[in-house]
Amino acid sequence: MQPWYLYILRCGDNSLYCGVTLDVERRLAEHRGGGARGAKYLRGRGPLRVVYTKCFSSKGEALRAEAYIRKLPRQKKEGLLDWGI
């Protein structure tokens, strides 16, 4: 089974974006390309850089972690990045 990755991007305006993918580098390239495959939220918010990744054994686990992180207040998300958890 192929691993799934949770990733967090920091945008040029210092906002954070969270997502899941099978291939972080490919997904980052899609976001940077700004086409139909990239997230609308990220258009015009470059430069984008990956600040966090975590590997999961299933898509469901990665999606649950993403949902949890998205609900966190910004201060807690920044704390997560500081600790690398």
Side-chain angles (χ1 to χ4, degrees):
M1 187 181 327
Q2 197 170 14
W4 280 82
Y5 296 91
L6 168 91
Y7 64 94
I8 300 177
L9 303 178
R10 186 172 304 276
C11 304
D13 63 0
N14 210 31
S15 63
L16 297 171
Y17 177 85
C18 186
V20 297
T21 186
L22 290 169
D23 182 346
V24 176
E25 291 303 317
R26 176 192 50 81
R27 191 67 181 125
L28 179 59
E30 289 173 351
H31 288 316
R32 285 180 173 161
R37 307 264 319 155
K40 287 182 183 180
Y41 176 82
L42 297 174
R43 292 182 190 155
R45 293 184 188 266
L48 306 173
R49 64 186 174 96
V50 177
V51 292
Y52 180 83
T53 60
K54 184 166 180 160
C55 183
F56 291 89
S57 59
S58 72
K59 183 178 183 180
E61 287 179 4
L63 288 172
R64 282 188 289 280
E66 176 191 23
Y68 174 79
I69 289 172
R70 285 186 179 208
K71 291 177 185 175
L72 292 175
R74 181 177 177 96
Q75 185 177 12
K76 297 252 184 188
K77 289 177 191 172
E78 292 289 350
L80 177 105
L81 298 178
D82 290 343
W83 286 94
I85 297 171

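Note that the structure is a prediction, hence the values are computed from the model and not measured.
Residues passing the side-chain hydrogen bond (donor to acceptor under 3.5 Å, both in side chains) test with D13 are S15, R45, sequence neighbours excluded. A search for side-chain contact (heavy atoms from CB on, under 4.5 Å) contacts involving R32 returns L28, L48, not counting sequence neighbours. Every residue meeting the salt bridge (charged side-chain N to carboxylate O under 4.0 Å, His left out) condition with E30, not counting sequence neighbours, appears here in chain and number order: R26, R27, R37. Applying the side-chain hydrogen bond (donor to acceptor under 3.5 Å, both in side chains) rule to Y7 yields the partners H31; only residues at least two apart in sequence or on another chain are considered. Evaluation of the side-chain hydrogen bond (donor to acceptor under 3.5 Å, both in side chains) rule for S57 yields E61 as partners, not counting sequence neighbours.
A pairwise comparison of heavy atoms in A62 and L6 identifies O-CD1, 4.2 Å as the closest pair.
A chain of hydrophobic side-chain contacts below 4.5 Å, direct or via other Ile, Leu, Val, Met, Phe, Trp or Tyr residues, connects V20 to L72. Linking Ile, Leu, Val, Met, Phe, Trp and Tyr whenever their side-chain heavy atoms come within less than 4.5 Å leaves L80 and Y5 in two separate clusters. By the rule that hydrophobic residues join a cluster once side-chain heavy atoms approach within less than 4.5 Å of another member, L9 and L81 end up as members of separate clusters. By the rule that hydrophobic residues join a cluster once side-chain heavy atoms approach within less than 4.5 Å of another member, I69 and L63 end up as members of one cluster.
Summarising the local packing, OH of Y68 is surrounded by 12 or fewer heavy atoms from other residues, nucleotides or ligands at distances under 6.0 Å. Taking a 6.0 Å sphere around NZ of K77, one finds it holds more than 12 heavy atoms contributed by other residues, nucleotides or ligands.
Side-chain N or O atoms of R10 include none that pairs as donor or acceptor with a backbone N or O of R49 at under 3.5 Å.
Annotation: salt bridge (Lys or Arg N to Asp or Glu O under 4.0 Å) contacts involving residues 66-76, sequence neighbours excluded, comprise E66-R70, R74-E78.
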Steps toward side chain to side chain contact (heavy atoms under 4.5 Å, CB included) verdict (W4, L22): CA-CA 5 Å; W4 280 82; L22 290 169; 3.3 Å; yes

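In the hydrophobic clustering, M1 connects to no other residue, as no ILVMFWY side-chain heavy atoms lie under 4.5 Å from its own.
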